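Numbers here are sequence positions counted from 1. As the structure is a computational prediction, the values presented were derived from the model and not from experiment.
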Amino acid sequence: MQANIPHHHISFPPNSLSPTPAAKLPRHHHRHDHNKNSNLHVPKAISISSPPPTITTTTTTNHETTPLDQNDDAVAAFWDYQFLFISQRKETTQPITLLPVNGAVPSDFPKGTYYLAGPGLFSDDHGSTVHPLDGHGYLKSFHVADDGKVQFMAKYVRTEAQMEEHEPETDTWRFTHRGPFSLLKGGRRVGNTKVMKNVANTSVLKWGRRLFCLWEGGDPYQIDHRSLDTVGRFGLIDDGGGDEKKSEWAAAAGGGVDLWDVAAGLLKPILYGVFRMPPKRLLSHYKLDTKRDRLLTLSCNAEDMLMPRNNFTFYEYDSNFKLLQKQEFEISDRLMIHDWAFTDTHYILFGNRIKIDVLGAIQAVCGLSPMISTLSVDPPSSSTSPIYLLPRFPGEEEAGGRDWRVPVEAPAPMWLLHVGNAFQTVDESGNAEIRVHAATCSYQWFNFTKLFGYNWRSGKLDPSAMNFAKESEYELLPHLVEVTINLHAAEKTDAPRSSSSSTCDVAPLNQWNKATDFPIINPAFSGDRHRYVYAAACSGSRPTLPHFPFDTVVKMDVEEGSVFTWTAPRRTFIGEPIFVPKPRSDSGPGEEDDGYLLVVEYAVAIQKCYLVMLDPKRIGEGDDAVAARLEVPRELNFPLGFHGFWAPDDDDDL
């Protein structure tokens, strides 16, 4: 029940990035019924670089944000969205101890560091703005010590592009790289070939006692895990030392030179030389095979997106970065792969199909549009989606003589966003089944040139671009699915060897129908059968922001089909949750949900960030799920992060 307390107003001074008065988050979060009236006027988008001279929000004298009427909420929702993407130029020089505003760090919380990758800068000092995906990498770390103190640090990743665009003596910025998703206003357009702007802002990984920031399409950058200082680019692909020949799987695709080989030969000098693209693009999503203690990575060739075929190379490393195996697969399809899955026997690629936009390509080359406008999604003509099951280990026969070149056709047109986990089971009769839990969306919802609502023509954000679908059309939105593939259907038929000979089923995970993404599990179960899936979701309580940004952590029990949720305070958003498992005892592993969840709250109405520790076993019990909420100093408030990583302390960290 909402108390009837007088309101006061908060005004934003000119060019300020945050409200003047300080305020605290509410101690208790509340659920709000979704208002079905969607006929609201949403203000036009404005620049993400600076707010207008004055805007008004409403709070209560006890620092809890009050419900707004529909018209006020439309305005507040618009501005809340803008403040989720405001640049942060400050960095830390020393660790800062965070103070809890609710609860306390549990005494059994594991010791280690939560790293969070994401962009930090969206506008320069010369009139240009960039897409959030092109924002310079701003790495955050939250170290949990033995005494329960949490120390925070944040620094920019010193990539080649960052060092070129930032003048440290004057602390000014001038964007010179276009980046794939942006178009500079204060920089060079025509003839600007600086497209592959490696900003190291997408994901973070600690492996082999080395810390890395990754980006979709270039070498990772190694970071000092204590100071967050940038060590430099790390040639993960080149340093493997493996055989550069195609694997037997690629060789089996056929020999000789065809028309597309000639076309690829013509494209390579342009892409490698003129646009300075790496021959192989390392994807930002990696996998950890905890049973084998291996790091799995994936790359594709630079020219693949312009060709009607793809060359995917999988690498597996031990904890000393020794390349244990490398396999290349050539697939006759034009695909855009962002995330992928693996099991004990397969690599799994969901076929997100793309096509060349000829007009967009001409405009991009002439500097009239971003390079990403060269591509557009290519919805399947049928009501199916291809899934490629690629043999993980050379020499292993495929079940039922299945040809890996022929995809399994999933009975639903879908675009894969992120994978939570995949695993394989075998019954007593030897019949194998693969299950994948992932976040997918429709081809209608996914749009390269409108991600996050960024308009490259105006350099502004429009939240309606991420919230256009109706609640009843949840299948168009990002949502969780369970994909089940039976690999042994061919054994019961006379299907030829060249057919996929597999059956597939796709269903909403636990019948959950809210917009949801960033599925994760307890990492100890990666590639193995799991029971719980956690993800970021939207409660739908705000009529003008019904689907994004997210404000809810959802826990799904895939065995019982149950769903539990925890929702952040009103006018507060969240990013990707991270599961922190408790150390295993001498008696063996504990329960799968024995640990904690970490998630960052973005209290945009007061321009503050909070690190929240949640008890997974108490998700669904309201604010009782919150073990601790720790406040990041207001002057270090940071924009929405992307992907994170939990690294337990080892001997090198002490």
Side-chain angles (χ1 to χ4, degrees), residues 1 24-33 64 98-112 114 116 142 144 148 150 420-421 437 480 509-512 514 516-525 530-541 550-570 572-585 589-603 609-631 644 646 648:
M1 182 173 67
K24 294 181 180 180
L25 280 177
R27 183 174 181 83
H28 302 284
H29 79 277
H30 303 274
R31 289 189 174 278
H32 300 275
D33 294 331
E64 288 200 26
L98 302 186
L99 300 178
V101 294
N102 296 125
V105 177
S107 59
D108 63 347
F109 197 96
K111 313 312 172 189
Y114 168 42
L116 177 60
F142 302 83
V144 183
V150 178
N421 192 37
H437 293 148
L480 299 188
L509 189 58
N510 289 13
Q511 300 302 313
W512 174 251
K514 299 289 186 181
T516 309
D517 196 1
F518 303 124
I520 57 109
I521 64 165
N522 182 333
F525 292 80
H530 63 274
R531 177 175 179 175
Y532 300 110
V533 175
Y534 309 89
C538 197
S539 65
S541 63
F550 300 127
D551 61 1
T552 297
V553 173
V554 58
K555 175 185 180 181
M556 297 189 179
D557 185 331
V558 298
E559 291 185 2
E560 295 186 355
S562 55
V563 177
F564 307 91
T565 64
W566 168 84
T567 299
R570 186 169 174 81
T572 300
F573 304 127
I574 66 166
E576 173 194 62
I578 289 290
F579 191 92
V580 180
K582 292 181 181 178
R584 296 190 175 190
S585 63
E591 296 178 337
E592 185 181 329
D593 60 351
D594 194 14
Y596 291 94
L597 288 168
L598 290 177
V599 67
V600 172
E601 284 183 352
Y602 301 88
C609 292
Y610 296 82
L611 178 68
V612 181
M613 298 176 172
L614 298 172
D615 183 346
K617 295 179 182 293
R618 306 196 70 176
I619 298 292
E621 298 180 17
D623 213 38
D624 289 339
V626 178
R629 179 181 283 116
L630 300 102
E631 179 181 332
W646 170 258

Tell me, do [X] and [Y] make a side-chain contact under 4.5 Å, heavy atoms counted?
X    : Y    : answer
V101 : Y610 : yes
D517 : F550 : yes
K514 : L480 : no
L611 : V150 : yes
V105 : P100 : no
L630 : M613 : yes
I619 : Y532 : no
F142 : L98  : yes

When rounded to the nearest 0.5 angstrom, what is the spacing between [atom1] in [X] and [atom2] in [Y]?
X    : Y    : atom1 : atom2 : value
E592 : F525 : CD    : CZ    : 4.5 Å
S541 : R570 : OG    : CZ    : 6.0 Å
W566 : Y534 : CH2   : OH    : 15.0 Å

Practice item. Taking ring pair (Phe, Tyr, Trp, His ring centres under 6.0 Å) as the test, write out the residues that go with Y602, two or more places apart. Key: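 Checked Y602 against ring pair (Phe, Tyr, Trp, His ring centres under 6.0 Å); matches are F638.
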Practice item. Only counting residues at least two apart or in another chain, list the ones meeting ring pair (Phe, Tyr, Trp, His ring centres under 6.0 Å) with Y596. Key: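 Partners of Y596 under the ring pair (Phe, Tyr, Trp, His ring centres under 6.0 Å) test: F109.
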If you look at every heavy atom in [X] and [Y], which pair is closest and at what distance?
X    : Y    : result
D615 : G595 : OD1-O, 4.5 Å
G644 : E576 : N-OE1, 2.8 Å
V554 : A537 : CG1-CB, 4.2 Å
P519 : V533 : CB-CG1, 4.1 Å

Review point. Would a distance-only check, ignoring hydrogens and angles, find a side-chain to backbone donor-acceptor pair under 3.5 Å from D557 to S562?
Key: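 Absent.
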Point to revise | Partner of P581 by side chain to side chain contact (heavy atoms under 4.5 Å, CB included), out of P523, P648, P110 | key: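 The single option meeting the side chain to side chain contact (heavy atoms under 4.5 Å, CB included) with P581 is P523.
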Exercise for review: Sort out for me which residue in L598, V580, V626 forms a side chain to side chain contact (heavy atoms under 4.5 Å, CB included) with L614.
Suggested key: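 It is V626; the other options fail the test.
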All side chain to side chain donor-acceptor pair (under 3.5 Å) counterparts of [X], not counting sequence neighbours:
X    : value
N522 : none
W512 : T516
Q511 : none

Exercise for review: With sequence neighbours left out, write down each residue that passes salt bridge (charged side-chain N to carboxylate O under 4.0 Å, His left out) with D593, or none if nothing qualifies.
Suggested key: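 Listed in chain order: K555, K617.
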Practice item. Please check if any side-chain donor atom of T552 sits under 3.5 Å from a side-chain acceptor atom of T565, or the reverse. Key: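 T552 vs T565: no donor-acceptor pair found between side chains.
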**Study point:** Side chains of D551 and T567, donor plus acceptor under 3.5 Å
**Key:**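 Checked: D551/T567 side chains show no N/O donor-acceptor pair below 3.5 Å.
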Review point. Mind checking whether H437 and H530 have parallel, tilted or perpendicular rings, split at 30° and 60°?
Key: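 Aromatic pair H437/H530 classed perpendicular.
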